[in-house]
**Q** 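I am attaching a structure below and will ask some questions about it afterwards.
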Amino acid sequence: MKFFLKTEDEIELMRQANHLVGMTLGELAKHIKPGVTTLQLDKIADEFIRDHGAIPTFKGFPNPFGEPFPASICTSVNEVVVHGIPSERTVLKDGDIISVDCGTLLNGFNGDSCYTFCVGEVSQEVRQLLKTTKEALFKGIEQAMAGNHTHDIGAAVQAHCEGQGYGIVRELTGHGIGKAMHEPPQVPNYGEKGTGEMLKAGMCIAIEPMVTMGERHVRLLSDKWSICTADGKPAAHFEHTVAVRQGRAEVLSTFEEIEKQNN
């Protein structure tokens, strides 16, 4: 399997693309509130990304059926785990959660990050799901260093989430990223320590725990994009793009702009 190791100059371009993703999510954070439609959020993101000289990577990206994704961001509400399609019919309500996954192509390199937002007043039980999923992301990132393996990341995510009674989605994984949005290797959110592909300095990977409140099983909706929990319970999704180093991984994307709005 061919891995695409990045030079320092290429990692800098990756950082710029990922910083724009973080800025876009921060802009969306200002608008996520009851009464807003997910299509309105998509229009804001599309304009923001293009105004900053980039292209929204998701728009037109094909699914396994060959059908292009029709929007610039994925907006996955409540039981939708990933790949929710923005719609004027999906109106955010108090107590909802929404995962917004965003990708940009800037100067030939991709950025990719996701954050799960609360809409208005969300139950403590659901807030705990979000907290645990975000913690799991950073526990996975701690394992993303040269000499470790992809399943070291997955094992850390799995232990943290399953240890608190949550489910780990297995049908979807993180991935390598660079000039293409999806590159080798796959980065699962479960696994046995010391197995999987060995990580090398210069790899850039997207780590993205997808965690369910109930059972881990998922199903594909009739739109052939949206993947939701089989039991209808909420799911959370957080994602960072990182550069693998000899020591601690360098996080190239950022939640800083989002959390400015949340504080």
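It should be emphasised that the depicted structure is a prediction, and the values quoted were computed from it without experimental measurement.
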**Q** Show your reasoning for whether side-chain hydrogen bond (donor to acceptor under 3.5 Å, both in side chains) applies to T116 and S99.
**A** CA-CA 4 Å; T116 302; S99 300; 2.7 Å; yes

**Q** Taking the side chain as everything from C-beta on, heavy atoms only, tell me whether T212 gets closer than 4.5 Å to V169.
**A**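 When only atoms from C-beta onward are counted, V169 and T212 do touch, with a gap below 4.5 Å.
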
**Q** Can a donor-acceptor pair be found between the side chains of H31 and Q40 at a distance below 3.5 Å?
**A**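 On atom types as modelled, these side chains do not qualify, holding no pair under 3.5 Å.
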
**Q** Determine whether a donor-acceptor pair (N or O, by modelled atom type, separation under 3.5 Å) exists between the side chain of T254 and the backbone of E256.
**A**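 Answer holds: yes.
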
**Q** If you apply the rule salt bridge (charged side-chain N to carboxylate O under 4.0 Å, His left out), what do you find for E215 with R170, and how did you get there?
**A** CA-CA 11 Å; E215 294 295 323; R170 302 195 177 204; over 6 Å; no

**Q** For R50, which residues count as a side-chain hydrogen bond (donor to acceptor under 3.5 Å, both in side chains) partner, sequence neighbours excluded?
**A**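 side-chain hydrogen bond (donor to acceptor under 3.5 Å, both in side chains) check on R50 returns D46.
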
**Q** Supply the atom-to-atom distance K30 NZ to I44 CD1, rounded to the nearest 0.5 angstrom.
**A**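 Here the rounded value is 10.0 Å.
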
**Q** Determine whether a donor-acceptor pair (N or O, by modelled atom type, separation under 3.5 Å) exists between the side chain of T132 and the backbone of L129.
**A**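 Not confirmed, T132 side chain does not pair with L129 backbone.
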
**Q** Is there a side-chain contact between R219 and I227 (heavy atoms, below 4.5 Å)?
**A**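 Heavy-atom side-chain distance check fails, nothing below 4.5 Å.
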
**Q** Do Y115 and E259 pass the side-chain hydrogen bond (donor to acceptor under 3.5 Å, both in side chains) test, and can you show the C-alpha distance, the side-chain angles, and the key distance before you say yes or no?
**A** CA-CA 10 Å; Y115 196 93; E259 290 169 354; 3.0 Å; yes

**Q** Any sub-3.5 Å donor-acceptor pair from T133's side-chain atoms to V211's backbone N or O?
**A**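 No, because the side chain of T133 does not come within donor-acceptor range (under 3.5 Å) of the backbone of V211.
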
**Q** Compare all side-chain heavy atoms of L25 with those of V100 and state whether any distance is below 4.5 angstrom.
**A**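 A side-chain contact exists here, since the closest heavy-atom pair is under 4.5 Å.
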
**Q** Which residues satisfy the ring pair (Phe, Tyr, Trp, His ring centres under 6.0 Å) test with H182, sequence neighbours excluded?
**A**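 Scan of H182 (ring pair (Phe, Tyr, Trp, His ring centres under 6.0 Å), adjacent residues dropped) gives F61, H175.
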
**Q** Measuring only between side-chain heavy atoms, which start at C-beta, is I97 closer than 4.5 Å to F117?
**A**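 I97 does not reach F117 side chain to side chain.
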
**Q** Should I32 and V21 be regarded as members of a common hydrophobic cluster, given that ILVMFWY residues are connected when their side-chain heavy atoms come within less than 4.5 Å of each other, either directly or indirectly?
**A**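 In one cluster: yes.
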
**Q** With rounding to the nearest 0.5 Å, note down the distance linking CZ in R127 to SG in C118.
**A**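 Answer rounded to 0.5 Å: 4.0 Å.
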
**Q** Would you call E27-K43 a salt bridge at under 4.0 Å N-O?
**A**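 Here E27 does not pair with K43 in a salt bridge, since their nearest N and O are not under 4.0 Å apart.
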
**Q** Any link between M210 and I168 through a network of hydrophobic side chains (Ile, Leu, Val, Met, Phe, Trp, Tyr) touching at under 4.5 Å?
**A**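 Result: no, two separate clusters.
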
**Q** Does any N or O in the side chain of N148 come within less than 3.5 Å of the main-chain N or O of D152, such that one atom is a donor and the other an acceptor?
**A**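 It does not hold such a pair.
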
**Q** Could you grab the distance from atom NZ of K179 to atom CZ of F4, nearest 0.5 Å is fine?
**A**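 The CZ atom of F4 is 9.5 Å from NZ of K179, to the nearest 0.5 Å.
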
**Q** Check this for me: E142, atom CD, are more than 12 non-hydrogen atoms of other residues, nucleotides or ligands nearer than 6.0 Å?
**A**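 More than 12 heavy atoms, drawn from other residues, nucleotides or ligands, come within 6.0 Å of this atom.
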
**Q** Can a donor-acceptor pair be found, under 3.5 Å and without considering hydrogens, that links the side chain of S113 to the backbone of E239?
**A**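 Confirmed, S113 side chain pairs with E239 backbone.
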
**Q** Once rounded to the nearest 0.5 Å, what's the spacing between atom CE of M213 and atom CG of L130?
**A**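 Between atom CE of M213 and atom CG of L130 there are 8.5 Å.
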
**Q** Between the side chains of T150 and E197, does any donor sit under 3.5 Å from an acceptor?
**A**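 No, because no side-chain N or O of T150 sits under 3.5 Å from a partner of the opposite role on E197.
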
**Q** Sequence neighbours left out, what passes ring pair (Phe, Tyr, Trp, His ring centres under 6.0 Å) with H240? Give chain and number order.
**A**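 So H240 forms a ring pair (Phe, Tyr, Trp, His ring centres under 6.0 Å) with F138, F255.
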
**Q** Are V82 and I85 co-members of a hydrophobic cluster defined by side-chain heavy atoms under 4.5 Å apart?
**A**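 Different clusters: I85 never reaches V82 through Ile, Leu, Val, Met, Phe, Trp or Tyr contacts under 4.5 Å.
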
**Q** Is any side-chain heavy atom of I49 closer than 4.5 Å to one of C102?
**A**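 Yes, their side chains come closer than 4.5 Å.
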
**Q** Is there side-chain contact between I11 and C204, with at least one heavy-atom pair below 4.5 Å?
**A**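 Yes, at least one pair of side-chain atoms sits under 4.5 Å.
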
**Q** Where do V251 and I141 land on the side chain to side chain contact (heavy atoms under 4.5 Å, CB included) test, with the steps shown first?
**A** CA-CA 8 Å; V251 179; I141 290 170; 4.1 Å; yes

**Q** Kindly indicate whether the side chain of D101, heavy atoms from C-beta on, has any atom under 4.5 Å from the side chain of I73.
**A**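 Side chain of D101 against side chain of I73, heavy atoms only: no contact under 4.5 Å found.
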
**Q** Other residues, nucleotides and ligands only: do more than 12 of their heavy atoms fall within 6.0 Å of CD on E47?
**A**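 No, CD of E47 has 12 or fewer neighbouring heavy atoms, counting only those of other groups under 6.0 Å.
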
**Q** Within the side chain of N110, is there an N or O that forms a donor-acceptor pair under 3.5 Å with the backbone of G178?
**A**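 Yes: the side chain of N110 pairs with the backbone of G178.
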
**Q** Which heavy atom in G84 sits nearest to a heavy atom in S226, and how many Å separate them?
**A**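 Minimum heavy-atom separation between G84 and S226: CA-OG, 3.7 Å.
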
**Q** Would you call K139 and E135 a salt bridge, using N to O less than 4.0 angstrom?
**A**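 Here K139 does not pair with E135 in a salt bridge, since their nearest N and O are not under 4.0 Å apart.
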
**Q** Could you state whether F58 and M14 fall into the same hydrophobic cluster, counting links through intermediate Ile, Leu, Val, Met, Phe, Trp or Tyr residues with side-chain heavy atoms under 4.5 angstrom apart?
**A**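 They do not share one cluster, since no chain of ILVMFWY contacts under 4.5 Å joins F58 to M14.
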
**Q** Under a single-linkage definition using a 4.5 Å side-chain heavy-atom cutoff for Ile, Leu, Val, Met, Phe, Trp and Tyr, are V187 and Y190 assigned to the same hydrophobic cluster?
**A**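 Hydrophobic grouping puts V187 with Y190.
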
**Q** Roughly how far apart are N18 CG and T104 OG1, rounded to 0.5 Å?
**A**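 It comes to 6.5 Å.
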
**Q** So, N107 side chain and L13 main chain: donor-acceptor pair closer than 3.5 Å or not?
**A**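 Not confirmed, N107 side chain does not pair with L13 backbone.
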
**Q** Rounded to the nearest 0.5 Å, what separates atom CG in L199 from atom CD1 in I205?
**A**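 If I round to the nearest 0.5 Å, the distance is 5.5 Å.
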
**Q** If you apply the rule side-chain hydrogen bond (donor to acceptor under 3.5 Å, both in side chains), what do you find for T241 with D112, and how did you get there?
**A** CA-CA 6 Å; T241 294; D112 190 7; 5.4 Å; no

**Q** Is there a salt bridge (charged side-chain N to carboxylate O under 4.0 Å, His left out) between E8 and R15 once you walk through the steps?
**A** CA-CA 10 Å; E8 288 302 318; R15 186 183 296 108; 5.6 Å; no

**Q** Stepwise, does the side chain to side chain contact (heavy atoms under 4.5 Å, CB included) test hold for E183 with I177?
**A** CA-CA 5 Å; E183 296 180 354; I177 183 171; 5.8 Å; no

**Q** If you define the side chain from C-beta out and look only at heavy atoms, does anything of P62 sit under 4.5 Å from P68?
**A**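 Counting from C-beta outward, P62 and P68 never come under 4.5 Å.
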
**Q** Tell me if the NZ atom of K134 is crowded by more than 12 foreign heavy atoms within 6.0 Å.
**A**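 Yes, NZ of K134 has more than 12 neighbouring heavy atoms, counting only those of other groups under 6.0 Å.
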
